[in-house]
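Here the structure comes first, spelled out in structure tokens, and everything after it is commentary.
Keep in mind it's a predicted model, so treat the numbers as computed, not measured. Letters go in sequence order (proteins before strands), and every chain restarts at 1.
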There are 2 protein chains.
Amino acid sequence: MQRMTRQRSAVADVLDAVEDFRSAQQLHEILRDRGEGVGLATVYRTLQSLADGGEVDVLRTADGESVYRRCVRRGHHHHLMCRVCGATVEIDGPSVETWAAQMGAQHGFEDIDHTMELFGTCARCAAEGHRREGS
Amino acid sequence: MQRMTRQRSAVADVLDAVEDFRSAQQLHEILRDRGEGVGLATVYRTLQSLADGGEVDVLRTADGESVYRRCVRRGHHHHLMCRVCGATVEIDGPSVETWAAQMGAQHGFEDIDHTMELFGTCARCAAEGHRREGS
DNA sequence: GTAGCCGATGAGAACGATTGTCAAACGCGC
DNA sequence: GCGCGTTTGACAATCGTTCTCATCGGCTAC
């Protein structure tokens with residue numbers, strides 16, 4: 001059974017306050033800075049259980065790190081994430097879903113599931129980058 | 001410049017012989033069993049360079065391990081993989097590419113990249129499963 | 001209110017995939 | 001064959017994540 005503890009609600013609070021995808025380690029650091037120390041293992045455990053309950057979305061960055069975010073949209077949707085700052089836009093791919101099912105049927109596959117995420121550099125980070133290049 | 005060494009061609013050979021996605025560690029083990037010992041670090045390095053050159057496809061399993069495969073199709077494409085036996089079909093999603101670019105532009109993102117893989121149960125494994133259920 | 005059961009916590013160790021190190025080995029153009 | 005510069009490999013190091021286990025503290029029953 002699930003108990004409501006100081007740590008669990010602290011993690012939930014941070015997730016509510018932060019808009020972008022964050023790694024467990026980043027969240028752990030934020031909690032420390034806030035003065036609400038929560039053990040790293042606990043952060044991982046809490047995120048895991050929240051993810052299992054569909055409370056947060058998880059996805060893997062290009063370098064294999066898991067990042068978490070409380071999403072506004074419930075149910076299935078996709079993301080467009082800035083690979084620099086983590087800013088994220090929730091989107092859905094109306095055509096993707098049907099296309100996936102079609103492809104599956106065409107090759108005799110059942111229970112088609114799919115992963116699909118977009119990565120890019122958001123306007124702000126792109127500007128930042130260009131400035132640094134001293135164009 | 002790239003040199004042709006015993007190790008490099010050994011790795012390439014194994015990739016040619018194996019049809020499904022394999023992890024670096026699995027390939028390393030296969031090489032050892034074949035008697036063509038190749039250092040683990042070298043396997044990683046070789047796979048990396050092959051992947052950089054577009055010679056092999058890389059993707060990440062659900063548990064974060066990188067798996068490699070020599071694909072028939074050159075250039076960008078996607079996969080439909082059986083989650084039971086690992087059988088893989090190469091496919092492309094003509095509309096997905098343009099849709100991704102569109103979405104990126106629409107939200108002010110640059111250098112859009114995307115990941116997208118389909119998972120399902122192939123005809124054979126589905127039949128297997130149904131038989132086991134003893135319908 | 002409080003006793004006590006049992007899940008939750010946290011510090012640190014363990015883990016597993018991957019990458020870095022660096023001296024020795026070896027392709028390859030000469 | 002020579003020699004240079006890349007490649008190799010054993011091992012250490014890194015890094016995210018999970019495990020361990022003694023302790024803590026919600027929560028329910030009284």
Side-chain angles (χ1 to χ4, degrees), chain A residues 1-15 18 20-53 55-69 81 83-84 86 115 117 119, chain B residues 1-15 18 20-53 55-69 86 115 117:
Chain A
M1 211 226 319
Q2 202 69 285
R3 283 180 189 169
M4 183 48 56
T5 63
R6 176 184 68 78
Q7 292 86 340
R8 183 170 290 267
S9 51
V11 170
D13 278 358
V14 171
L15 282 170
V18 171
D20 309 326
F21 275 95
R22 297 287 183 213
S23 70
Q25 316 250 3
Q26 287 176 318
L27 292 169
H28 173 240
E29 208 161 311
I30 294 174
L31 282 164
R32 173 141 44 76
D33 292 348
R34 277 193 174 195
E36 319 197 57
V38 175
L40 183 55
T42 302
V43 174
Y44 274 105
R45 275 185 297 238
T46 305
L47 288 171
Q48 193 84 56
S49 77
L50 287 174
D52 287 349
E55 298 280 319
V56 300
D57 278 12
V58 195
L59 61 85
R60 288 197 180 254
T61 60
D63 58 338
E65 212 178 0
S66 292
V67 286
Y68 305 82
R69 175 189 177 182
M81 172 160 86
R83 64 169 70 85
V84 178
T115 67
E117 304 297 338
F119 298 94
Chain B
M1 213 224 320
Q2 202 70 287
R3 281 181 192 170
M4 183 50 53
T5 64
R6 176 183 69 77
Q7 292 85 341
R8 182 170 291 267
S9 51
V11 171
D13 279 358
V14 172
L15 282 170
V18 172
D20 307 327
F21 278 92
R22 298 282 183 216
S23 69
Q25 316 253 1
Q26 286 176 318
L27 293 169
H28 174 240
E29 207 161 311
I30 294 173
L31 283 163
R32 172 141 43 76
D33 292 349
R34 277 194 174 194
E36 320 197 55
V38 175
L40 183 55
T42 302
V43 174
Y44 273 106
R45 275 186 297 237
T46 305
L47 288 172
Q48 192 82 57
S49 77
L50 288 174
D52 287 349
E55 298 282 318
V56 299
D57 276 12
V58 195
L59 61 86
R60 290 202 179 252
T61 60
D63 58 338
E65 212 179 0
S66 292
V67 287
Y68 305 81
R69 176 190 175 185
T115 68
E117 305 296 339

Kindly point out which of [options] is positioned nearest to the side chain of [X]?
| X | options | value |
| --- | --- | --- |
| B:A41 | D:dC11, C:dA8, C:dG10 | D:dC11 |
| B:Y44 | C:dG10, D:dG9, C:dA17 | C:dA17 |
| B:Q2 | D:dT17, D:dT7, C:dG10 | D:dT7 |

Between [atom2] of [N] and [atom1] of [X], the distance in whole Å:
| X | N | atom1 | atom2 | result |
| --- | --- | --- | --- | --- |
| B:D63 | D:dG16 | CG | P | 18 Å |
| B:Q7 | D:dA10 | CD | P | 10 Å |
| A:R6 | C:dT9 | CZ | P | 9 Å |
| B:L40 | D:dT8 | CG | C1' | 13 Å |
| B:E65 | C:dT19 | CD | P | 12 Å |
| B:Y68 | C:dA17 | OH | P | 12 Å |
| A:L47 | D:dT18 | CG | C1' | 14 Å |
| A:R8 | C:dG10 | CZ | P | 12 Å |

Look at the side chain of B:R3 against the base of D:dT7 and say whether a donor-acceptor pair falls under 3.5 Å; ignore hydrogens and angles.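 By the distance-only test, no, there is no pair.
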
Ignoring hydrogens and angles, are the base of C:dG10 and the side chain of A:R45 linked by a donor-acceptor pair under 3.5 Å?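 Answer is yes: a donor-acceptor pair is held.
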
Under 4.0 Å between any heavy atoms, over every strand shown, what does [X] touch: base, sugar-phosphate, or nothing? Just pick one.
| X | result |
| --- | --- |
| A:Q26 | nothing |
| B:S23 | nothing |
| A:Q25 | base |

Closest approach of B:M4 to B:S9 (non-hydrogen atoms, all atoms of both residues):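 Closest approach of B:M4 to B:S9, heavy atoms only: SD-CB, 3.9 Å.
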
Between B:Q26 and B:F21, which heavy-atom pair has the shortest distance, and what is it?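 In this case the closest contact between B:Q26 and B:F21 is OE1-O, 4.4 Å.
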
Tell me whether the side-chain N/O atoms of [X] come closer than 4.0 Å to OP1 or OP2 in [N].
| X | N | answer |
| --- | --- | --- |
| A:T5 | C:dT9 | yes |
| B:Q48 | C:dT19 | yes |
| B:R32 | D:dG9 | no |
| B:T42 | D:dG9 | yes |

Between [Y] and [X], do the side chains contain a donor N or O and an acceptor N or O under 3.5 Å apart?
| X | Y | value |
| --- | --- | --- |
| A:Q25 | A:Y44 | yes |
| A:R8 | A:T42 | no |
| B:T115 | A:R60 | no |

